[in-house]
Structures are given as C-alpha cells and as structure tokens.
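Working notes, beginning with the structure itself.
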Number of protein chains: 2
Amino acid sequence: MSDPSHPTPRPAARRATRAAGAGSAGGSSGKRADMVTIADVARHAGVAVSTVSYVLSGKRAISATTRERVLASVRALGYHPNAGARALASRRANVIALVLPLRSGMHLPVLMQFATAVVTTARTFDHDVLLMTADEGPAGLRRIAASAMVDGIVLMDVEMHDVRVPLLRTLERPSVLIGFPADPTGLTCIDLDFYRAGQVCVDHLADLGHRRIALLGAPAVVYDRETGFAHRTRAGFAEAAVRHGIAATTQPCPETFAAVHRELADLLARHPDLSGLVVHNEAAVGQVLTALAALGRRVPADVSVVAICPDEVAERANPALTSVLIPAEEVGRQAVSLLMRKLKGEPVPEATLLDPRLTVRASTGRAASSRSPA
Amino acid sequence: MSDPSHPTPRPAARRATRAAGAGSAGGSSGKRADMVTIADVARHAGVAVSTVSYVLSGKRAISATTRERVLASVRALGYHPNAGARALASRRANVIALVLPLRSGMHLPVLMQFATAVVTTARTFDHDVLLMTADEGPAGLRRIAASAMVDGIVLMDVEMHDVRVPLLRTLERPSVLIGFPADPTGLTCIDLDFYRAGQVCVDHLADLGHRRIALLGAPAVVYDRETGFAHRTRAGFAEAAVRHGIAATTQPCPETFAAVHRELADLLARHPDLSGLVVHNEAAVGQVLTALAALGRRVPADVSVVAICPDEVAERANPALTSVLIPAEEVGRQAVSLLMRKLKGEPVPEATLLDPRLTVRASTGRAASSRSPA
DNA sequence: CTCGCCTGTCGAAGCGCTTCGAGGGCGCCG
DNA sequence: CGGCGCCCTCGAAGCGCTTCGACAGGCGAG
C-alpha cells in the first residue's frame with residue numbers, strides 16, 4: 001500500500017476519515033502540496049466544518065469566541081475556499097461575465113476604461129470577472145450560462161438588432177447591456193444618453209451663434225451595423241439642428257488622416273460657411289485638428305470643434321477640445337451594480353441613461369457671423 | 001423566475017433517486033429550470049453516468065454506437081457540463097487568469113490587442129479567461145491560485161523588481177510573464193526583444209546616413225518604475241548608437257501635445273543637426289508629427305522618424321511611419337501556448353524573445369548630410 | 001420548578017462531475 | 001471445448017463546500 005513505486009497515487013494518500021481525531025493530519029503527510037480545506041480549518045480550530053462555513057458566510061449567528069478562533073485558524077493556515085466546491089454547493093460562482101467586442105469601430109481606450117471599472121466594481125462585490133469576446137456569439141453566452149460558470153453577464157457594444165438579445169431574454173442568468181438594442185423590453189440597459197449628447201453639442205454651437213454645422217461620425221460600417229449609439233447621436237444632432245433652425249450635415253468618416261482630410265475638404269468646399277463641427281469618432285479627433293490646420297482653418301477662430309470622447313483625449317489635443325465626456329467608468333460601475341441588484345432579486349429599471357456633461361475648453365468660440373461670409 | 005415568495009425552494013424539488021426509472025423526470029417537473037445534468041443525459045441515452053463522462057472526455061474507449069447515442073442525447077438535451085462540479089472533481093478549472101495593469105504609461109490599444117489574443121487562443125484550448133487588474137497585487141494572485149479558480153496565470157506589464165515575481169515562484173499554478181523582470185530564473189517570460197528593437201531603429205537611421213539622433217521615450221514615471229521594456233529599448237538604442245559612432249540623446253516624454261512640443265523644441269535647439277528620431281511612446285506618436293510640423297521641420301526631408309508601435313498606428317499617421325511592430329497578438333498567442341504546455345507538464349523555455357521587424361514607410365529618408373548644417 | 005424558546009453548534013446529505021476498480025461478454029488460442 | 005484476455009461499460013467513492021434539521025444548554029415566564 002505504501003510502496004512509493006505504486007502507480008496509483010491518490011487512494012494511498014486519502015486522509016483517514018476522522019479515524020483517531022487530529023492524529024497524523026498535521027504536517028506534510030502525503031496529499032497535495034498546500035491545498036488547505038475547510039476541514040483543515042475546522043480541525044485546527046476544534047469546531048465542525050459547518051461552523052467554519054457559517055463563520056465565513058455569516059449566514060448564522062456564531063459566538064464571538066468561536067468566530068475569533070475560527071478566523072485565527074483561517075489566517076494561520078492561509079485558507080482560501082475552493083471556488084469550484086463553493087460554486088457547486090451554493091449554486092453561485094461569484095463570477096460575472098464581461099463580453100467585449102473586438103471589432104473595428106469601437107474605441108479601445110474607452111473599452112479599457114470600461115473593463116477596468118467593471119473588474120474593480122465586481123471585486124467590491126466579491127465577484128470576479130470572466131472575459132469573453134463577442135466572437136463566440138450566442139453559443140458562447142449559452143455555454144457560460146449553462147455551465148453555471150458565471151452568475152450574470154455584462155454585455156458591451158450591443159447593436160440595434162443584436163442576435164444575442166433574444167437569447168438573453170430566455171437565459172437563466174441575469175444580464176446588463178451597455179447600449180440599447182432596438183427593443184429593450186425585458187432587459188436591463190445602460191448607456192450615456194447619446195441622443196441628448198448630440199443635442200447638447202448642437203445647443204452649445206447654436207448658442208455661440210453658429211448657423212451651419214456638421215457631424216463627423218464613425219466609419220460608415222458602424223452605422224451600417226446599426227450600432228445604437230451612433231444612430232442616436234446623429235438623431236439628437238439632427239433634432240437639435242432643426243430646433244435651432246440651423247443647417248446641419250452628417251458625414252460618416254474613417255479614421256485615417258487621408259480620409260479625414262478628404263471629408264473635411266469636401267465638407268468645407270460644399271459649405272463655405274461651415275463654422276461648427278461635432279466629432280463623434282475618437283480615433284479621428286486628433287486627425288481632425290491636424291487636417292483643419294492643413295486646410296488653413298483656425299480652431300476656434302474659423303471653425304469651432306466639439307468632440308464626444310473621453311476627457312483625456314480632449315485635454316491632450318491642441319487646442320484642448322470642448323467635449324462631451326464618455327463616462328466609461330461610471331457606466332461600468334453602474335452596470336455591475338445593476339447586475340448585483342438583479343442577482344439579489346431586487347427590481348431594477350429597464351433603462352438607465354446617463355446625462356451628458358459638456359465641458360467647454362479651447363476649441364469652441366463665438367461664430368464669426370458678423371464678418372463677411374468668406 | 002421560480003416562485004419568489006417561497007422561502008425554501010430546494011428540498012421540495014429534489015429528484016427521486018432513480019425511483020421508477022425515467023418516470024417523471026422528463027419535462028418541467030419542479031426543479032430548477034433548465035439545469036440539465038450528466039445524469040439526465042445518461043438516463044436519456046440509457047447508459048451510466050460514467051459512460052457519458054468518458055464519451056465527453058475521451059479518456060476511455062467507448063464504442064462508436066454508444067458514443068453516438070450519448071452525443072445525440074447531449075445535443076437533444078442541450079447539455080453543458082457544470083463548470084464548478086467539473087473543476088471540483090477533476091481539479092482543473094479550465095480557466096486561466098489574465099492580469100492586466102491599469103496604470104498610466106501602458107498603451108491601451110496594445111493591451112486590448114493582447115487581451116483579445118489571449119482570450120481567443122485560450123478558447124482554442126477549451127479554456128476561459130478570468131480578468132484581473134494588477135491593483136489586487138500579490139494578494140489577488142494568491143487568492144485565485146489558492147481558490148483553484150484558475151489553472152494558470154498570464155501576467156502583463158511585469159516590472160524589473162516586481163513584488164509579484166517571488167510569489168509566482170512559490171505558487172502551485174504555472175504562470176507566464178509578458179515582459180522580463182530583472183531576474184527571470186525559474187519563470188517563463190515572453191516579450192518582444194526590445195533591446196534589439198532599439199538597435200534596429202538606430203541601424204535603420206544610421207544606414208540612411210543620420211549622424212545625430214534622439215529617442216523620445218515613455219513618460220519619466222515609466223522609467224522610474226523600472227519597466228523592463230523601456231529600459232531595454234533605451235539600452236539597445238544606446239548600444240547601436242555607440243556601435244555606429246553616431247551621437248544620440250534620450251528624452252523621456254509625457255503624452256500631451258504641449259509636452260511633446262516642448263521636448264522637441266528643446267531637443268532641436270540643443271542639437272540643430274538632429275535628423276533622426278526614434279519614438280517609443282505610442283500615445284505621443286501623433287503629437288510628434290504635429291509638433292514637428294509646427295516647428296517647421298518636414299518629415300522625412302528634415303527629420304526622419306521611426307516609431308515602435310502597432311502597425312495600425314503607424315499606418316494611420318501622416319506621413320505613414322516607418323516602425324517596429326509591437327506584436328501584441330503574437331505575444332498573447334504564444335503566452336497562452338506556453339502556459340498550456342506548462343499545464344500539460346511539458347518543459348518550456350524560460351525566455352522567449354520575439355524578433356523585431358522593421359517596416360519601412362514614408363517617414364524615413366536619407367539624411368540631408370550633404371546640405372549645410374542648419 | 002418546569003416548560004418553551006432562543007442561541008450556538010454539530011452531523012449529514014447532497015451539489016454534478018471524474019475516475020478507479022470491477023466485471024460482463026466474447027473472440028481466440030491451446 | 002475451456003479459459004484467458006480484451007474491450008466496454010457500470011457502480012461507487014469521493015472532490016470541498018453549503019445548508020438543513022437536530023439538539024444541547026441557558027434563560028425568562030408562567
């Protein structure tokens with residue numbers, strides 16, 4: 001039995017089942033290196049396994065003395081509960097899934113900010129985060145949901161007619177979407193209010209006296225994919241323009257310098273009186289300023305520019321950009337909070353829209369309307 | 001979704017233990033919604049639970065007929081193994097941890113590329129990825145390792161004297177580091193060979209006849225933190241400059257336009273003959289070109305610029321930048337492959353250095369050395 | 001003084017899966 | 001024609017944890 005050359009290691013190493021108290025269990029008797037189990041803690045503290053469990057979970061009252069003794073043993077042994085066993089017994093994995101897109105058109109820095117916020121917030125709720133990419137599609141969601149690997153799901157970059165949305169409705173696990181599909185009924189969605197963001201940008205430019213403006217948007221493919229935020233921004237932009245009675249154009253735009261330059265040149269040629277620009281394309285923000293300079297337009301003297309982008313991008317530009325912040329961190333935090341509330345069975349609102357906040361910086365100024373029109 | 005008013009849902013829903021064959025188990029009899037277990041599959045296929053397990057794992061020979069029958073049942077019931085139970089019984093979670101930094105100085109797009117590659121590759125090995133941020137530090141690593149939540153760890157942005165490195169050596173779980181600590185003994189590390197990357201950039205400029213060059217690097221804080229890649233690039237840069245007998249300066253640099261402009265102006269003032277620039281700071285790449293233009297220097301006529309950055313950044317710039325690619329995807333893929341090999345118990349090399357590849361684009365040209373100096 | 005009720009602790013029964021040793025058939029060699 | 005392997009399949013024993021019901025004392029109320 002104890003022959004070390006024997007090819008079946010495990011049975012020989014089985015711990016004796018409470019044979020003679022805490023007899024030979026101490027020290028390094030066979031078994032796997034440092035796997036401290038709850039039974040080890042219980043033995044060390046001289047209590048039952050269930051007592052240790054209750055101390056750790058707080059689900060039943062335990063006297064202060066016992067609790068301290070148990071906690072001391074936990075520390076002494078360096079005990080960490082086995083996640084698999086815990087998940088199996090409690091039917092809670094304490095893990096949430098984060099589904100990130102990896103397609104073009106999304107702004108990476110925002111994504112990272114967002115992911116960071118999700119992880120950090122999840123940890124404050126004692127949860128970990130499983131990272132998935134969207135390319136596994138519905139099958140991937142079904143897999144992690146059915147395997148009970150995660151308790152809930154946070155989904156980014158939801159499209160208007162996302163194939164995963166119907167599935168989410170049928171899934172056991174609660175979910176929170178970043179972005180709004182065409183029909184958000186029965187779901188929990190959160191996002192910056194892009195419609196209002198579009199409006200706010202126009203309001204600002206209109207207040208400064210600009211009478212002809214343009215929206216430089218995401219690459220055309222993003223609109224084609226029916227990504228909600230692009231459409232909603234455009235809609236808000238259009239509505240506000242109409243409301244203010246000013247002329248407005250919308251122009252999708254790729255992110256290369258050449259493309260930005262071309263689109264801007266074209267825009268300025270068609271509308272010589274263009275004096276306000278809303279840029280909803282982070283990657284292009286930098287190019288826009290360079291291109292305007294190359295086209296001989298000063299910012300903000302000739303053209304005012306408002307961007308929808310993270311503050312750091314706006315601040316890093318030259319001149320610093322008046323911008324509507326994309327509150328990635330706030331969205332991430334709230335998404336997790338919403339999910340946690342759903343996990344607790346609490347009711348949550350179907351839609352959460354974060355108010356856009358416009359920060360005025362150096363790139364916008366009064367329209368030179370008094371001057372002669374070029 | 002089950003009746004929320006009932007306080008004790010489980011005991012009532014216990015399945016009868018094989019009471020009368022497959023009697024009432026079909027359909028929606030009590031119990032939790034769609035949790036299909038391996039027992040359900042076994043019953044449906046008319047085989048033992050262990051047989052189903054062996055079909056799925058392939059660890060024992062199962063006849064073709066039985067296998068087909070079992071697989072048919074798996075599909076029919078939409079069975080997905082419970083991850084917790086599997087992890088508990090097999091001592092393998094089929095999850096790896098990915099530890100990302102979230103400090104400043106790291107280049108977000110590269111990070112995302114990298115994370116994506118890790119997730120995608122892990123999936124091809126039937127593993128999922130748990131996302132951690134570095135701010136949990138060693139305690140976080142210890143936690144996930146001890147909880148058996150992950151089988152292995154991929155760690156990014158390793159510093160020269162990283163506090164987590166000694167811990168990793170003692171941990172049960174295998175790990176792979178992206179980046180090299182000062183002492184990589186006993187670890188598995190992989191990264192672009194930044195030393196050679198620095199050399200390659202200088203070689204290129206020297207070959208073009210440039211006699212005075214400068215390295216515009218990461219913000220000073222990155223060097224202070226003793227981040228390996230920054231130091232190694234600088235060392236390679238310096239070595240090659242000496243070897244070619246050309247004058248070289250190194251300049252850490254923040255990422256704002258103002259800072260880039262200032263540093264460049266300063267550099268050009270001190271060294272009027274400066275004609276070659278190596279930029280190892282992705283976020284500043286765009287600013288550099290704008291600043292050079294503002295300083296009245298043409299690229300590449302007056303100053304040649306080589307960047308160390310992802311191809312897409314280099315290609316998007318105007319003019320397109322000659323660059324050494326940061327092979328984020330390749331690193332991510334290889335890191336996971338290495339980890340998988342370690343999990344299988346295979347030996348792996350301690351150090352893997354990826355060869356830098358220089359792509360010549362429009363931003364470098366022959367030095368105007370024949371012209372009069374300034 | 002007795003009863004009922006807390007309070008605090010324990011033992012045991014799983015959670016769903018993997019894995020090991022057994023063992024039933026059956027072809028083949030002697 | 002008997003027996004020995006071999007190939008498949010099965011049953012059972014856990015993996016480490018949570019949770020439920022039980023129950024030993026101790027206390028205030030009747």
Side-chain angles (χ1 to χ4, degrees), chain A residues 6-18 31-32 35-43 45-70 74 79-94 146-149, chain B residues 7-18 31-32 35-43 45-67 69-70 74 79-94 146-149:
Chain A
H6 197 288
T8 58
R10 280 221 289 110
R14 284 277 151 72
R15 241 159 307 148
T17 318
R18 85 185 58 259
K31 66 175 284 198
R32 293 175 56 85
M35 281 285 287
V36 181
T37 75
I38 198 173
D40 297 329
V41 175
R43 208 173 305 130
V47 299
V49 162
S50 51
T51 301
V52 176
S53 178
Y54 286 124
V55 166
L56 262 23
S57 72
K59 294 195 176 171
R60 278 196 188 180
I62 298 288
S63 69
T65 36
T66 305
R67 177 170 42 247
E68 284 315 319
R69 196 144 37 90
V70 168
V74 164
Y79 170 70
H80 286 272
N82 178 296
R86 191 209 276 272
L88 180 57
S90 68
R91 300 172 158 288
R92 288 297 235 86
N94 273 34
S147 71
M149 185 172 261
Chain B
T8 58
R10 282 220 289 111
R14 284 278 150 72
R15 238 161 308 148
T17 318
R18 87 182 55 257
K31 65 175 284 195
R32 294 176 57 84
M35 282 284 288
V36 181
T37 75
I38 198 173
D40 298 329
V41 175
R43 210 173 305 129
V47 299
V49 162
S50 51
T51 301
V52 176
S53 178
Y54 286 124
V55 166
L56 261 25
S57 72
K59 294 195 178 171
R60 277 197 188 178
I62 297 287
S63 68
T65 35
T66 306
R67 177 171 42 246
R69 195 143 37 90
V70 168
V74 165
Y79 170 70
H80 287 272
N82 179 297
R86 189 209 278 275
L88 180 57
S90 69
R91 300 170 159 290
R92 287 297 236 86
N94 274 35
S147 70
M149 185 172 262

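Proteins get letters first, then strands, A, B, ... in listed order; numbering begins at 1 in each. As a basis for the values below, the full set of heavy atoms in this structure was taken, side chains included, without hydrogen atoms, waters or symmetry mates.
In this structure, the separation between CG on Asn82(A) and CZ on Arg91(B) is 8.0 Å, given to the nearest 0.5 Å. In this structure, OG1 in Thr37(A) is found 8.0 Å from CE in Met35(A), a value given to the nearest 0.5 Å. Within the model, atoms CD1 of Ile62(A) and OG of Ser57(A) stand 8.5 Å from one another, a figure rounded to the nearest 0.5 Å. For the atom pair CZ of Arg86(B) and CE of Met149(A), the computed distance is 8.0 Å after rounding to the nearest 0.5 Å. Atom OG of Ser53(A) and atom NZ of Lys59(A) lie 8.0 Å apart (nearest 0.5 Å).
Every residue two or more places apart in sequence or in another chain that forms a side-chain contact (heavy atoms from CB on, under 4.5 Å) with Val74(A) is listed here: Val41(A), Leu56(A), Val70(A), Tyr79(A).
A donor-acceptor pair is defined here as one N or O able to donate and one able to accept, closer than 3.5 Å; no such pair exists between the side chain of Arg67(B) and the backbone of Val55(B).
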Between the protein and nucleotides 4-10 of chain C, which nitrogen or oxygen pairs come in under 3.5 angstrom?
{"residue": "dT9(C)", "atom": "OP1", "partner": "Ser63(A)", "partner atom": "OG", "Å": "2.8"}
{"residue": "dT9(C)", "atom": "OP1", "partner": "Thr66(A)", "partner atom": "OG1", "Å": "2.2"}
{"residue": "dT9(C)", "atom": "OP2", "partner": "Ser63(A)", "partner atom": "N", "Å": "2.8"}
{"residue": "dT9(C)", "atom": "OP2", "partner": "Ser63(A)", "partner atom": "OG", "Å": "3.3"}
{"residue": "dT9(C)", "atom": "O4", "partner": "Arg60(A)", "partner atom": "NH1", "Å": "2.8"}
{"residue": "dC10(C)", "atom": "OP2", "partner": "Ala48(A)", "partner atom": "N", "Å": "2.8"}
{"residue": "dC10(C)", "atom": "OP2", "partner": "Thr51(A)", "partner atom": "OG1", "Å": "2.4"}
{"residue": "dC10(C)", "atom": "N4", "partner": "Arg60(A)", "partner atom": "NH1", "Å": "3.4"}

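The separation between His80(A) atom NE2 and dC17(D) atom P is 12 Å, rounded to whole Å. Going from atom CG of Asn82(B) over to atom P of dG14(C) covers 18 Å, rounded to whole Å. Atom-to-atom, CE of Met35(A) to P of dG14(D) comes out at 17 Å; the value is rounded to the nearest Å. Rounding to whole angstrom units, CZ of residue Arg86(B) and P of dC15(C) are separated by 19 Å. The distance between atom CG of Leu56(B) and atom C1' of dT19(C), rounded to the nearest whole Å, is 15 Å. Look at CZ on Arg43(B): it is 11 Å from P on dG16(C), rounded to the nearest Å. Here the P atom of nucleotide dG14(D) and the CZ atom of Arg91(B) are 13 Å apart, to the nearest Å. Leu88(A) places its CG atom 12 Å from the P atom of dG16(D), with the value rounded to the nearest Å.
A close approach under 4.0 Å does not occur between any side-chain nitrogen or oxygen of Lys59(A) and OP1 or OP2 of dT18(D).
Leu88(B) approaches Gly84(A) most closely through the heavy-atom pair CB-C, 4.5 Å. Here the shortest heavy-atom pairing between Ala93(B) and Ala148(B) reads CB-O, 3.7 Å.
Axis angle across the helix from dC1(C)-dG30(D) to dG30(C)-dC1(D), with five pairs used at each end and values rounded to 10°: 50°.
The side chain of Ser90(B) approaches dT18(C) more closely than any other nucleotide in the set dT19(D), dT18(C), dC17(D).
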